[in-house]
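Worksheet: one structure, shown below.
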Protein chains: 2
Amino acid sequence: MIKPRSRRGGGRPTIADVARKAGVGAITVSRALREPERVSEELRRQIQAAVDELGYVPDPNARALASARAEVFGVLVPSLTNNVFAEVVRGIYDSLSASPFRIQLGNTHYSGLEEERLLQLFGSQRPAALIVAGIDQTPTSRKLLENAGCPVVQVMETGPDPVDMMVGFSHLDGGRAATEHLIEAGYRRIGFIGARMDPRSQRRLAGYRAAMEAAGLFDPRLVTTTPVLSSVSLGREMLRDALAKVPTLDGVFCNNDDIALGVLFECHRASIAVPKTIGIVGFNDLDMMQVAFPSVTSIRTHRYEIGRRAVAMALAAIAGNRPDQRVIDLGFELKRRESTDR
Amino acid sequence: MIKPRSRRGGGRPTIADVARKAGVGAITVSRALREPERVSEELRRQIQAAVDELGYVPDPNARALASARAEVFGVLVPSLTNNVFAEVVRGIYDSLSASPFRIQLGNTHYSGLEEERLLQLFGSQRPAALIVAGIDQTPTSRKLLENAGCPVVQVMETGPDPVDMMVGFSHLDGGRAATEHLIEAGYRRIGFIGARMDPRSQRRLAGYRAAMEAAGLFDPRLVTTTPVLSSVSLGREMLRDALAKVPTLDGVFCNNDDIALGVLFECHRASIAVPKTIGIVGFNDLDMMQVAFPSVTSIRTHRYEIGRRAVAMALAAIAGNRPDQRVIDLGFELKRRESTDR
DNA sequence: GGCGAAAGTGGTAGCGCTACCATTCCGCAG
DNA sequence: CTGCGGAATGGTAGCGCTACCACTTTCGCC
């Protein structure tokens, strides 16, 4: 009976096996893999041959322990099913797939406490970089980020006081632009409908309010919100609520496109003409908005690009050249469509 | 000037610091943290106090290295933005959030090669378990899974030959049930519209075909597919294509709900009465289907539950009691709605 | 009262890798 | 011919933790 090579370990090849086979020192194998230019052409070839033959794959845990730095990006988002964050995450994954970095994804469920817990957990891994959604971290979280000892990118929003770097856009401006568009289109009793009032939603609401007040149209009864998680069916219910409160409602700025779609369907069902009787504006501009009937005006945001930029900034910082511009505003675009075309 | 405690490391407390402060051996601290019942009440308290005071968090890398087992679940899905997989992943995250296990999520982009690469990468970490979407792994991937040395759960589908364990349902039966429902409702020229024909879509198509042939209604011209990624706008275009090919089309089984929604909107736009002129059935039953106008019949699948069950099975296997039933079929439900109610 | 088992605790030796420093070898200036 | 700098390579000593085994103490039982 063959004794296992060691009491532990799965018996897979280690760097020492490769070194032996290639007839070099272990450290040279390590270098050949990480900084090939520091090893002579010839040894590099021999080592590569040994690696291929043995099917050697470095153990990331041993690597992280020895170098006190894991090749991991920690990513924290409040939701995995919300299409908006899914796209940011997709941008991050796509940008990192060709690099040696792995991704540690955490779901905070919109909870500050959960965010602290995950930050603590991720920090213990000494990640190469951290990407977190939002700019409203708790003081504890902020401290954890500041002491993380790695590049930090806050995404989705812009603000005056980055922990380190930021990529996003102004939700306040987005909310204002959406509302101003409705006002310009001639709507007057414009409601705000929003679920899951996270800080970004609050800022969109603030933008709505600013625009309405500037036009002398603001009325608190026009605002309908709930802490419940956003969904299409919720949009439908909330339009009903809003109409019950304000029967003369002639426009809605929806906190996001799910809500907007629910509102649109409810209008169909209740035979409310869109855009004639009620105008609708969404937020995020999901693919379906331009296909809907009528197509729905929305604020297009650049989620995928936010993910890509965040990674690019982090990688630059890791490489030692932190960008001069620490806050990048990717802006947004108002997409005018049939739902406000009257 | 104070010399750093060691040449490397961030200066954060180690298990030795805790042991010193608590006046015990390092190994006892380790045990108190992992198997508290094996340490006396009193020491446990002392150790906990030292941990709290120092803010000690175990280094997962060192842990993984020493125990040859990382507290990581590797999860492989073909897409991060597809709501279906997002829900499976959410189920996995929610089930694991209270456990010590982290999650390593990989996006295969529906590519077998990418799956192999990621499996190789994940394997090097000696994960505690692997959860992979689908049952159509390449031979290489299958071998990697078999040799992973940890529980493996294939999710989303059921099949006769699990690598280890499986949770899902029969896409073929789902496709058949959807089609039979349309036939029973009196539709005759029933089309199949599907994008991104991955293996699961292929099986739904096979189910459609089986039902159509059994009823003597099959006609290859009724089938419209494309390799392009599914989206709502694609659904709209594909209905146009389908109608151009078969103007007498009176029903559609859509490969998924995004497509179904696009089809529904195109019907609105072209003033095609639903369900009178055309009946529509979707697949997955996203929240929006019951809110749509008219509401859309769909096959409800239990994505979140699949994620939860996969974790439950893996955890059981890790704990040493692999379930007797290695393949769990969670089934599906046909949700009859207005879009086929005639 | 002696003995073995069991419970509680600790020491030692790694896990697989890399930081740090030492060594070798070469070319070239003095 | 010596000395020196730089490039290429290697040895040693850990990184922070846990597996394995040894030791001590307590307790039950014949």
Side-chain angles (χ1 to χ4, degrees), chain A residues 3-20 22-47 51 54-71 100 123-126 128 149, chain B residues 3-20 22-47 51 54-71 100 123-126 128 149:
Chain A
K3 241 188 138 180
R5 230 213 8 268
S6 97
R7 63 196 163 114
R8 309 179 229 167
R12 56 190 111 212
T14 71
I15 202 168
D17 298 326
V18 176
R20 208 171 304 122
V24 299
I27 189 69
T28 305
V29 175
S30 174
R31 265 198 291 261
L33 263 34
R34 290 175 303 130
E35 318 167 85
E37 71 285 357
R38 291 195 38 193
V39 174
S40 69
E41 178 68 26
E42 198 193 331
L43 285 193
R44 229 185 300 164
R45 242 199 319 273
Q46 286 176 39
I47 290 168
V51 165
L54 294 171
Y56 169 73
V57 184
D59 180 332
N61 297 119
R63 216 170 228 196
L65 183 58
S67 64
R69 179 57 69 210
E71 291 189 318
S124 69
Q125 290 185 71
R126 304 153 193 263
Chain B
K3 242 189 137 182
R5 229 209 17 262
S6 97
R7 63 199 162 110
R8 306 180 231 168
R12 55 189 111 211
T14 72
I15 202 169
D17 297 326
V18 176
R20 208 171 306 123
V24 300
I27 190 67
T28 305
V29 175
S30 174
R31 263 197 292 261
L33 263 34
R34 289 176 304 130
E35 317 167 85
E37 70 285 357
R38 292 196 36 195
V39 173
S40 68
E41 177 70 27
E42 196 193 332
L43 285 194
R44 227 185 304 165
R45 243 200 317 274
Q46 285 175 38
I47 289 169
V51 165
L54 293 171
Y56 170 71
V57 183
D59 181 332
N61 298 119
R63 219 171 225 196
L65 183 58
S67 64
R69 182 55 69 211
E71 291 188 320
S124 69
Q125 288 184 72
R126 305 153 191 264

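Just so you know, these numbers use all the heavy atoms, side chains as well, and skip hydrogens, waters and symmetry mates. Per chain, numbering begins at 1; letters A, B, ... match sequence-line order. These numbers come from a predicted model, not from an experiment.
For dA19(C), the OP1/OP2 oxygens have a side-chain nitrogen or oxygen of R34(A) closer than 4.0 Å. Between R69(B) and dC17(D) there is no side-chain polar atom (N or O) within less than 4.0 angstrom of OP1 or OP2. For dT18(D), one of the phosphate oxygens OP1 or OP2 lies less than 4.0 angstrom from a side-chain nitrogen or oxygen of R63(B). For S30(B) and dC17(D), the shortest distance from a side-chain N or O to OP1 or OP2 is not below 4.0 Å. Residue S67(B) has no polar side-chain atom (N or O) positioned under 4.0 Å from OP1 or OP2 of dC15(C). At the phosphate of dT9(D), neither OP1 nor OP2 sits under 4.0 Å from any side-chain N or O atom of T28(A).
In this structure, the CD atom of E37(B) is 13 Å from the P atom of dT9(C), given to the nearest Å. D59(A) places its CG atom 13 Å from the C1' atom of dC15(D), with the value rounded to the nearest Å. To the nearest angstrom, P of dA19(C) lies 8 Å from CD of E35(A). Here the C1' atom of nucleotide dG14(C) and the CD1 atom of I27(B) are 12 Å apart, to the nearest Å. In this structure, the OH atom of Y56(B) is 7 Å from the C1' atom of dG16(D), given to the nearest Å. Between E41(B) atom CD and dG8(C) atom P there is a gap of 11 Å when expressed in whole angstrom units. Nucleotide dA19(D) holds its P atom 11 Å from the CD1 atom of I15(B), rounded to whole Å. Distance R20(B) CZ to dT9(C) P: 20 Å, rounded to the nearest Å.
Residue E37(A) places its CD atom among more than 12 non-hydrogen atoms of other residues, nucleotides or ligands, all under 6.0 Å distant.
Within the 3.5 Å criterion, the main-chain N or O of P36(B) finds a donor-acceptor partner in the side chain of R44(B).
If you check dT9(C), dG10(C), dG16(C) against the side chain of A62(A), the one that comes closest is dG16(C). Relative to the side chain of V24(A), the nucleotides dT9(C), dG10(D), dC15(C) differ in distance, and dG10(D) lies closest.
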Discussion item. Would R126(B) and D59(A) count as a salt bridge (charged side-chain N to carboxylate O under 4.0 Å, His left out) here? Give the steps.
Written reply: CA-CA 9 Å; R126(B) 305 153 191 264; D59(A) 180 332; 3.7 Å; yes
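Side-chain contact check for S124(A) versus P60(B): some heavy-atom pair is nearer than 4.5 Å.
Using modelled atom types and a 3.5 Å distance limit, the side chains of S30(A) and R34(A) yield a donor-acceptor pair.
Between V29(B) and G23(A), the one whose closest nucleotide on DNA chain D sits nearer the 5' end is G23(A). When each of V57(A) and R31(A) is assigned the nucleotide of DNA chain C with its nearest heavy atom, V57(A) is the one assigned upstream, toward the 5' end.
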